[in-house]
2 protein chains.
Amino acid sequence: MGKSNLAAEILLFTDGACSGNPGPGGWAAILRHVESDKEKKISGSEARTTNNRMELMAAIEGLRAINADRRHRVCLISDSQYVIFGLTQWIKGWIANDWRRGKKSNAPPVLNVDLWKTLYELSQQHDMTYEHVRGHSGHLENEECDRMAVAAIKDLKRGND
Amino acid sequence: MGKSNLAAEILLFTDGACSGNPGPGGWAAILRHVESDKEKKISGSEARTTNNRMELMAAIEGLRAINADRRHRVCLISDSQYVIFGLTQWIKGWIANDWRRGKKSNAPPVLNVDLWKTLYELSQQHDMTYEHVRGHSGHLENEECDRMAVAAIKDLKRGND
RNA sequence: GGACACCGGGUUAC
DNA sequence: GTAACCCGGTGTCC
């Protein structure tokens with residue numbers, strides 16, 4: 001529980017899972033309104049995707065579930081360094097370098113740009129803080145997200161999506 | 001499978017690797033006699049070299065492994081544009097300009113001239129065709145050469161060379 | 001400005 | 001072991 005958490009109105013826990021990478025994937029998010037302690041849970045799946053795309057989707061759909069009528073103070077909590085470092089550090093360079101992975105003109109393109117652009121726009125609509133937690137280390141909400149994401153894959157495979 | 005391949009008697013696949021660039025390096029070549037389907041594999045290493053020198057060495061040693069009693073139709077297949085374009089396009093200009101990278105007398109010198117001269121002489125002894133393949137894109141012999149070159153470095157590091 | 005290679009490091013998922 | 005992703009670099013040429 002860092003200082004950043006104390007100020008947040010909304011805690012957004014996210015996780016993604018992928019059975020095969022690439023393969024069937026699921027994502028999940030838990031939104032907690034700190035003051036009221038109300039919680040919302042959402043999850044979804046895709047037939048063929050990657051682990052990183054599911055981590056991004058969890059954050060995107062989580063942010064989409066927040067009312068955009070005004071800016072909220074949101075703390076995004078994920079076990080994905082890809083998501084957290086991407087949003088807090090790497091994305092500035094990507095934008096500066098026209099979504100390439102480096103300054104050289106023939107540097108390879110950043111992947112999953114579609115999701116990164118969407119996530120970036122959504123993050124700009126609120127006052128965001130970020131926290132990286134280690135996966136599978138007893139973090140309650142993170143583990144619940146993990147279970148939900150895995151369940152979403154299972155539903156997909158059973159055709160119950 | 002271009003026309004050029006159909007005519008070749010010998011397919012020569014090559015690759016180089018370098019752990020650090022510059023650093024310990026390895027090279028490898030697979031020679032396939034098309035008619036008999038017989039194969040020969042060779043590899044080697046150097047304690048301190050560069051990626052491009054190893055790519056050149058792979059081609060040099062590959063050509064050296066071909067019997068020079070008469071001219072053979074050889075197709076050299078490499079993922080190094082440095083090697084393929086060097087041999088098919090650039091080297092004419094280098095020779096014309098006394099191994100300089102341009103026509104001006106103060107143009108910078110071509111690097112690795114020792115290897116380029118050796119490779120050029122060897123290539124003149126046969127009827128060569130050339131093919132560039134993308135690295136790490138599922139090309140069987142190229143990937144096998146890659147493994148052999150990396151293994152050569154490993155042997156070197158273990159002192160088993 | 002362009003291209004092909006060669007690495008070093010880190011995280012996750014199978 | 002392989003695959004999805006990111007950061008940082010050099011070797012070489014046009």
Side-chain angles (χ1 to χ4, degrees), chain A residues 15-27 48-56 58 78-94 97 99-113 115-116 132-136 142 146 149-150 153, chain B residues 14-27 48-59 78-94 97 99-102 107-113 115-116 132-138 142-143 145-147 149-150 153:
Chain A
D15 194 30
C18 201
S19 169
N21 205 23
W27 56 266
R48 184 189 165 78
T49 183
T50 68
N51 60 335
N52 288 333
R53 287 186 72 84
M54 285 299 94
E55 300 281 6
L56 289 168
S78 167
D79 65 18
S80 169
Q81 262 186 352
Y82 181 59
V83 168
I84 299 297
F85 286 179
L87 241 15
T88 57
Q89 304 174 216
W90 305 335
I91 206 166
K92 291 147 194 159
W94 295 338
N97 298 323
W99 296 95
R100 297 189 170 280
R101 303 174 35 187
K103 296 170 192 191
K104 296 197 302 191
S105 57
N106 72 333
V110 173
L111 300 189
N112 303 322
V113 185
L115 298 183
W116 279 115
H132 177 253
V133 299
R134 282 209 63 88
H136 310 285
N142 178 258
D146 183 53
V150 170
I153 299 177
Chain B
T14 68
D15 195 29
C18 199
S19 172
N21 202 24
W27 56 265
R48 186 190 164 79
T49 182
T50 68
N51 65 328
N52 288 330
R53 288 186 71 84
M54 286 296 96
E55 302 278 7
L56 289 168
M57 278 301 296
S78 168
D79 65 19
S80 169
Q81 262 186 13
Y82 181 60
V83 168
I84 299 296
F85 287 178
L87 241 17
T88 56
Q89 305 174 216
W90 306 335
I91 206 167
K92 291 145 193 160
W94 296 339
N97 299 322
W99 296 97
R100 294 186 179 282
R101 305 172 38 185
V110 173
L111 300 188
N112 303 322
V113 186
L115 298 182
W116 278 115
H132 178 254
V133 298
R134 283 204 67 89
H136 309 280
S137 57
N142 179 259
E143 307 225 324
C145 282
D146 182 53
R147 282 188 292 270
V150 169
I153 299 177

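None of the values given here were measured: they were computed from a predicted structure. Here is the naming used below: chain letters follow the sequence lines, and residue numbers restart at 1 for every chain.
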Task: side-chain contact (heavy atoms from CB on, under 4.5 Å) partners of B:Asn51, counting only residues at least two apart - done: B:Cys18, B:Asn21

- [ ] Calculate the interatomic distance between B:Asp146 atom CG and C:C7 atom C1'; express it in whole Å.
- [x] 12 Å

Open item on the list: Going by the rule side-chain contact (heavy atoms from CB on, under 4.5 Å), which residues pair with A:Pro22 if we only count those two or more places apart in sequence or in a different chain?
Closed with: A:Arg48, A:Thr50

Task: Sugar-phosphate, base or nothing in reach of B:Asp79, heavy atoms under 4.0 Å - done: sugar-phosphate

Task: Between C:U12 (P) and A:Asn142 (CG): distance, integer Å - done: 11 Å

Task: Side chains of A:Glu55 and A:Asp15 in contact at under 4.5 Å (non-hydrogen atoms) - done: yes

Task: side-chain contact (heavy atoms from CB on, under 4.5 Å) against A:Val113, all qualifying residues, sequence neighbours excluded - done: A:Trp99, A:Val110, A:Lys117

- [ ] Check side-chain hydrogen bond (donor to acceptor under 3.5 Å, both in side chains) between B:Ser19 and all other residues, then give those that pass, not counting sequence neighbours.
- [x] B:Lys157

Open item on the list: Heavy atoms only, 4.0 Å cut-off, all strands: where does A:Trp94 land among base, sugar-phosphate and nothing?
Closed with: sugar-phosphate

Open item on the list: Under 4.0 Å, heavy atoms only, any strand: does B:His136 hit a base, just the sugar-phosphate, or nothing?
Closed with: sugar-phosphate

Open item on the list: Any base atoms under 4.0 Å from B:Gly23, or only sugar-phosphate, or nothing? Heavy atoms, all strands.
Closed with: nothing

TODO: Please examine the side chains of A:Arg100 and A:Pro108, heavy atoms only from C-beta on, and report whether any two atoms are closer than 4.5 Å.
DONE: no

TODO: Only counting residues at least two apart or in another chain, list the ones meeting salt bridge (Lys or Arg N to Asp or Glu O under 4.0 Å) with B:Arg147.
DONE: B:Glu144

Open item on the list: From CG of B:Asp15 over to P of C:C4, roughly how many Å is that when rounded to an integer?
Closed with: 16 Å

Task: Position toward the 5' end of RNA chain C (nearest nucleotide), A:Ala107 or B:Ala17 - done: A:Ala107

Task: Contacting residues from residues 80-90 of chain B, given that a heavy atom lies under 4.0 angstrom of DNA chain D - done: B:Tyr82, B:Trp90

Open item on the list: Nearest whole Å is fine: how far is C:G1 C1' from A:Lys104 NZ?
Closed with: 13 Å

TODO: Mark yes or no for a side-chain to base donor-acceptor pair under 3.5 Å between B:Asn21 and C:C7, with no hydrogen or angle criteria applied.
DONE: no

Task: Phosphate-side-chain proximity, B:Thr50 and C:C6, N/O vs OP1/OP2 below 4.0 Å - done: no

Task: Side-chain donor/acceptor of A:Asn52 to base of C:U12, under 3.5 Å - done: no

Open item on the list: With nearest nucleotide decided by heavy atoms, which residue, A:Asn106 or B:Ser19, maps closer to the 5′ end of RNA chain C?
Closed with: A:Asn106

Task: With B:Asn52 via side-chain hydrogen bond (donor to acceptor under 3.5 Å, both in side chains) - residues at least two apart - done: none

Open item on the list: Counting the atoms with a prime plus P, OP1 and OP2 as sugar-phosphate, which does A:Lys103 contact under 4.0 Å by heavy atoms, base, sugar-phosphate, or nothing?
Closed with: nothing

Task: Length of the line joining B:Arg53:CZ and C:A5:C1', which is rounded to integer Å - done: 16 Å

TODO: Please answer whether the main-chain N or O of A:Gly93 pairs with a side-chain N or O of A:Asn97 as donor and acceptor at a distance below 3.5 Å.
DONE: yes

Open item on the list: Checking B:Trp90 now: which residues fulfil side-chain contact (heavy atoms from CB on, under 4.5 Å) with it, not counting sequence neighbours?
Closed with: B:Tyr82, B:Phe85, B:Trp94

- [ ] Anything under 4.0 Å to a heavy atom of chain A counts; send over the first and last such nucleotide of DNA chain D, read 5' to 3'.
- [x] D:dA3 to D:dT10

